[in-house]
Amino acid sequence: MALHPPLRINSDLPADAFAARFAQDGYVQIPVFLAPEDAESVAGLLEPLTWNIVAPDETAETLVISPDVIKKFGEAQVRQFLQSAIRRAARTFSFVHMSYALQDEYPRAPQAAIHRATEFLESRAFLDFGGRVIGAPEVAGVRVQASYYRPGDFLTVHDDSHRKDHRLAAFTLGFTRRWRPDWGGQLLFHDAEGNVTRGLAPGFNVLTLFKVPTPHSVAQVASYAEAKRLSLTGWLLGGQDAA
Ligand SMILES: O=C(O)CCC(=O)C(=O)O
Ligand SMILES: [Fe+2]
């Protein structure tokens with residue numbers, strides 16, 4: 001049962017026009033996705049979260065480095081581990097960024113204000129809107145995290161295929177303000193020749209949907225970037241895997 005006032009999808013959105021774009025291009029961006037005051041409210045909830053650093057270990061398992069883990073193992077050891085995740089990025093899939101696991105956290109404190117976003121992303125309103133745009137009315141659930149990319153953070157090329165989950169499409173809902181194009185952090189789409197076919201700048205209250213599988217990455221954020229690259233990112237799921 002929902003504990004929070006629902007976030008409202010902007011009522012003026014022409015879902016069918018966005019669906020045509022998605023079908024043609026394999027991705028679509030929907031600006032002013034939430035009612036503007038609701039987007040402001042989500043942005044205000046993301047800022048003060050207690051974020052964890054995430055990066056894969058040498059077996060490709062995601063390690064979650066909470067502030068407690070840093071206290072326990074010490075900053076030097078954490079830095080060493082992150083350096084190895086950065087070195088692995090030269091050869092294989094890797095990433096370093098901050099994350100907040102909305103759906104894992106929800107049962108611990110469903111009344112926490114951030115879960116207005118969790119409840120919305122799991123709601124029929126969001127799943128049905130997403131389903132209309134991607135042309136898959138059977139969207140059954142969602143897998144989602146909040147993410148925050150700091151200077152130096154990155155995500156190397158991958159296509160979002162998953163062993164178990166049936167991912168119908170990937171989405172990101174951005175809450176990044178005033179981003180300069182030379183700050184990196186773009187969502188990049190890649191072709192077979194190694195060219196970037198499209199680079200989408202982080203934005204505010206923009207929903208991006210793209211097909212799975214699609215080769216993509218997040219460009220490393222420049223050391224001199226001053227804004228926070230904040231978003232809610234995840235996948236619309238089909239059938240039996242719904243959360
Ligand atoms: O943050 C983004 O723009 C994309 C994130 C992504 O590709 C992923 O988490 O798999
Ligand atoms: Fe991805």
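Whatever order the structure lists them in is the order used to number ligands and atoms, beginning at 1.
Remark: ligand 1 atoms within the under-4.0 Å shell around heavy atoms of V218 are 1 (O), 2 (C), 3 (O), 4 (C). Each of the atoms 2 (C), 3 (O), 4 (C) of ligand 1 lies under 4.0 Å from some heavy atom of T172.
S94 pairs by the side-chain hydrogen bond (donor to acceptor under 3.5 Å, both in side chains) definition with nothing, not counting sequence neighbours.
Residue-level proximity to ligand 1 for L200 is absent, since no heavy atom of it falls below 4.0 angstrom.
More than 12 heavy-atom neighbours from other residues, nucleotides or ligands sit within 6.0 angstrom of CZ on R124. Around the CZ atom of R21, the shell of radius 6.0 Å holds no more than 12 heavy atoms that belong to other residues, nucleotides or ligands.
For the ring pair (Phe, Tyr, Trp, His ring centres under 6.0 Å) test with Y27, the passing option among F189, F18, F171, F210 is F189; the others fail.
Looking at ligand 1, you won't find any N or O of Q145 less than 3.5 Å from one of its N or O atoms. Polar contact check, S147 against ligand 1: no nitrogen or oxygen pair lies under 3.5 Å apart. Between R229 and ligand 1, an N or O atom pair is found at a separation short of 3.5 Å.
Coordination check, D160 versus the Fe ion (ligand 2): passed, since an N/O/S atom of the residue sits under 2.8 Å.
Distances from atom 6 (C) of ligand 1 to the heavy atoms of L155, T233, L187 show the closest one on L155.
Using a 4.0 Å cutoff on heavy atoms, W235 counts as a contact of ligand 1.
Within the 3.5 Å criterion, the main-chain N or O of T156 finds a donor-acceptor partner in the side chain of H158.
Expressed to the nearest 10°, the angle at the Fe ion (ligand 2) joining NE2 in H158 with NE2 in H216 is 90°.
Here the side chains of V32 and D12 are not in contact, with every heavy-atom distance at 4.5 Å or above.
Contact between H4 and Q111 at its shortest, heavy atoms only, is CE1-O, 3.1 Å.
Between the CZ atom of R79 and the CD atom of Q77 there is a distance of 11.5 Å, given to the nearest 0.5 Å.
For atom 7 (O) of ligand 1, the closest non-hydrogen atom of the protein is H216 NE2, 2.9 Å.
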